[in-house]
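The next block holds one structure in the form of structure tokens; read it before the comments.
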Amino acid sequence: MRVRFAPSPTGYIHIGNVRTAIINYLIARKNGASLVLRIEDTDMERSTKESERSIMDDLTWLGIEWNEGPDVGGGCGPYRQSERFGIYNEYTERLLREGKAYHCYCTQQELDAMRQDAEKQNRTFTYPGKCRHLSTEEKQKFEAEGRKPTVRFHVPEGETVTIRDHIKGSVTFSSENIGGDFIIVRSDGTPIYNYIVIIDDALMKISHVIRGEDHLSNTPKQILVARALDLPVPEYAHLSLVLGPDRSKLSKRHGITSLNMYREEGYLPEALINYLGMLGWASESGDEIIPIKEIISQIDITNLAKSAAIFDFQKLKWMNGKHLRELPIGRATDLFAPFIARAGYDISSLDRKYLEQLVSVVQIKCDILSDIGRLAGIFLDDVPSPDSETEVMLTTEEGNIMLKAARELVSGEINENNFATDFIPRIKETTNLKGKKLFMPLRAMITGRLQGPELDQALPLIGYHRCKKRIDQYSAAYTR
RNA sequence: GUCCCCGUCGUCUAGGGGUCGAGGACACCGGGUUUUCAUCCCGGCAACAGGGGUUCGAAUCCCCUCGGGGAUGCCA
């Protein structure tokens, strides 16, 4: 078995393609197969090297490794389609020579007009084959006009193509319904996707093509090309699409759809793989949070869902939180640290031990790494400015009692040495508050928030001096 | 329009003729643990698109309708 992932480098990698990549990777690992990365950059207008770079970066970040590709090489290269034009040209020559393809001089405008006519008459547009039997004179006339021809594939009549798809089952198309002779080479000489995928899949010895369902309708065109060229046809598995909340194919307009945005917000590769791997697939046990290893051992090309799935942002977030909370403290600290820095704190001045303690106290509160941004200030700001709910809390009767009692303690019997152990018990005694009535105002007074880490764990990390400062300033601002 | 795919709680899904008066998860709502918000635990809400068959028996098989999606590009 050999599989491939073949992105088009026209932007950041999109969540839907990420899922295709993940499934290919998972299936490859399960079967000990090679994964080929092929860059489909025949659209010179839209393809960029930067996109190619970012796609490879993102895949690497996800932990997806390919065995062959433009960067690592392999026996079936080159792996960029733009570097394979010579190969395609030979096939095109052959099709032309054998009368299985022909030059077409119809212009964009002429084609648009035909298409509009068809639409007006409520018919399907099928290219009528106008240029199929042009005489030499006619061709010369067009050439003299400066027309640059495209190459069209001559679709054989009355042919039937049946795809045995591992996911969709048996799907049959008739050659009458694929829209007539289609263009395989643009007038600028560059070939078109539907023509060369099948060539590359054959040449790269791909045994199983696992790709999005949006390619299913075009598969018969590709198979017809393979037949004309005597090329082997791979096995197929067409993955159901990932949809946005409005049920249409997930795209930019649905908001956060490119992988690098998830990466920047602090999603974990293992959570993304877990979630995307389980969109359209379920584990035997029904467990939702499962390690990649386990997905690999259970997933199969035939047990993927046939129906499309809406991308549930909330569930991904929940799942990420689950993975995040299970992270060992060392790795968690490594991952969180850059996000603390990004929130504007100088982490180089903090020692590792302190950072680890901070992370371990706050880890449980986070679903994504960037959540630590709004929590870090609790430890690292001198006096965080309270939000409006907290201000209200500090102004209540309990809030005022709390502030007064704390102020007295902190400038009296409580000092640097007994702060961590004695402060909360003494506050409790002097205010005579307990439970929620004790902890909510206490939390407000110490952290400037109503939500946050466990106070008894946070206190020693914030330290006596900062707490005193906060108590003093909040007292001045909120007590009567 | 035409061709193709799909249709179980709001969402992701389990189920593949009887064990399903439909199970799990997210979300939501209650309750519990935690001297605190959260985590965690327990409970609740909520679905077989509709109609015909086949069968002793249908969520499961067949047909039609409806609904959704994709393709129909000198994009991939």
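Numbers restart at 1 for each chain; the letters A, B, ... are given by sequence-line order, proteins then strands. This is a predicted model, so every value here is computed, not measured.
At a threshold of 4.0 angstrom between heavy atoms, the contacts of A:Q314 are confined to the sugar-phosphate backbone, with no base atom among them. Contact annotation for A:M278: backbone-only contact, meaning every heavy-atom pair under 4.0 Å involves sugar-phosphate atoms and none involves a base. Across all strands, A:Y275 comes closer than 4.0 Å to no nucleic acid atom at all (heavy-atom distances). Residue A:G179 is classed as having no contact, given no heavy-atom separation below 4.0 Å to the nucleic acid. Using a 4.0 Å heavy-atom cutoff across all strands shown, A:D456 reaches at least one base atom of the nucleic acid. Within 4.0 Å (heavy atoms only), A:Q108 reaches at least one base atom of the nucleic acid. Residue A:H238 is out of contact with every strand shown, counting any heavy-atom pair closer than 4.0 Å.
A donor-acceptor contact under 3.5 Å is formed by the side chain of A:E288 with the base of B:G24. The base of B:G70 is paired with the side chain of A:S217 by a donor and an acceptor separated by under 3.5 Å. In this model, a side-chain donor or acceptor of A:K365 finds a partner on the base of B:C37 within 3.5 Å. Interface remark: the A:K315 side chain does not form any donor-acceptor pair with the B:A27 base, using a distance-only criterion of under 3.5 Å. No donor-acceptor contact under 3.5 Å links the side chain of A:S248 to the base of B:G69.
Between A:S174 and B:C3 there is no side-chain polar atom (N or O) within less than 4.0 angstrom of OP1 or OP2. A sub-4.0 Å separation between OP1 or OP2 of B:U72 and a side-chain N or O of A:N218 is present. In terms of phosphate contacts, A:K148 brings no side-chain nitrogen or oxygen within less than 4.0 Å of OP1 or OP2 of B:C74. Residue A:K322 has a polar side-chain atom (N or O) positioned under 4.0 Å from OP1 or OP2 of B:C40. Under 4.0 angstrom from either OP1 or OP2 of B:U2 there lies no side-chain N or O belonging to A:R123. An OP1 or OP2 oxygen of B:C74 is reached within less than 4.0 angstrom by a side-chain nitrogen or oxygen of A:R115.
If you find the closest nucleotide of RNA chain B to A:K436 and to A:G280, the one lying nearer the 5' end belongs to A:G280. Between A:D214 and A:V171, the one whose closest nucleotide on RNA chain B sits nearer the 5' end is A:V171.
Annotation for A:E45: atom CD does not count as buried by contact number, only 12 or fewer foreign heavy atoms lying within 6.0 Å. Counting non-hydrogen atoms of other residues, nucleotides and ligands closer than 6.0 Å to CD of A:E110 gives a total above 12. Within 6.0 Å of the OH atom in A:Y12, the count of heavy atoms belonging to other residues, nucleotides or ligands does not exceed 12. By the neighbour-count criterion of 12 heavy atoms within 6.0 Å, atom NZ of A:K437 is sparsely surrounded, having that number or fewer from other residues, nucleotides or ligands.
In this structure, A:D246 atom CG and B:G70 atom P are separated by 9 Å, rounded to whole Å. Atom pair A:L455:CG and B:U34:C1' shows a separation of 13 Å (rounding to whole Å applied). Following rounding to the nearest Å, A:I446 (CD1) and B:C37 (P) show an atom-to-atom distance of 18 Å. For the pair A:N194 CG and B:G70 P, the interatomic distance rounds to 17 Å; values are reported in whole Å. Protein atom CG of A:L216 is 9 Å distant from nucleotide atom C1' of B:A71, rounded to whole Å. The separation between A:L327 atom CG and B:U39 atom C1' is 16 Å, rounded to whole Å. A:Y127 has its OH atom 25 Å from the P atom of B:U2, to the nearest Å. As rounded to whole Å, 22 Å separates atom P of B:G70 from atom OH of A:Y236.
When each of B:U72, B:U39, B:A76 is scored by its nearest atom to the side-chain atoms of A:K221, the top-ranked nucleotide is B:U72. Nearest nucleotide to the A:E454 side chain, out of B:G70, B:C37, B:U11: B:C37. With B:A38, B:G69, B:A27 as the choices, the nucleotide that has an atom nearest any side-chain atom of A:R247 turns out to be B:G69. When distances are taken from the side chain of A:R186 to each of B:G70, B:C75, B:C3, the shortest belongs to B:C75. In this structure, the nucleotide among B:C6, B:U39, B:A76 sitting nearest to the side chain of A:K306 is B:C6. Comparing B:C74, B:C12, B:U35 by their closest approach to the side chain of A:S187 singles out B:C74. Comparing B:C4, B:C75, B:C12 by their nearest atom to the side chain of A:I310 picks out B:C12. Listed nucleotides B:C74, B:A25, B:A76 differ in distance to A:T150; the shortest reach to its side chain belongs to B:C74. Comparing atom distances between the A:A282 side chain and each of B:C12, B:G70, B:A14 picks out B:A14 as nearest. Closest to the A:L438 side chain, of the nucleotides B:C74, B:A76, B:U35, is B:U35.
With C1' as the reference atom, B:A71 and B:A14 are 31 Å apart, rounded to whole Å. The C1' atoms of B:A58 and B:A46 are separated by 23 Å, rounded to the nearest whole Å. Here, B:U11 and B:U33 have their P atoms 35 Å apart, quoted to the whole Å. Of the C1' atoms belonging to B:A49 and B:G43, the separation is 31 Å, rounded to the nearest Å. B:G15 sits 8 Å from B:G23 when the C1' atoms are compared, rounded to a whole Å. Here the separation of B:C48 from B:C40, taken at their C1' atoms, is 33 Å to the nearest Å. A gap of 15 Å separates the C1' atoms of B:G67 and B:U8, to the nearest Å. B:U39 and B:G32 have their C1' atoms separated by 14 Å, given to the nearest Å.
No salt bridge links A:D58 with A:R53; every basic N to acidic carboxylate O contact stays at or beyond 4.0 Å.
Checked against a 6.0 Å centroid threshold, the rings of A:F313 and A:H254 do not count as neighbours.
The aromatic rings of A:F85 and A:Y88 sit tilted, their planes meeting at an angle between 30° and 60°.
Pairing for B:C66 is with B:G7, a Watson-Crick or G-U wobble pair whose two hydrogen-bonding atom distances lie under 3.5 Å. Pairing of B:G43, defined by two Watson-Crick or G-U wobble distances under 3.5 Å, is identified with B:C29.
Distance check, rounded to the nearest 0.5 Å: CG of A:D43 to CZ of A:R186 gives 5.5 Å.
Inter-residue side-chain proximity for A:I289 and A:W318 is flagged as met; some heavy-atom pair is nearer than 4.5 Å.
In this structure, A:F379 has no ring-ring contact (aromatic ring centres under 6.0 Å, His included) partners at least two apart in sequence or on a different chain.
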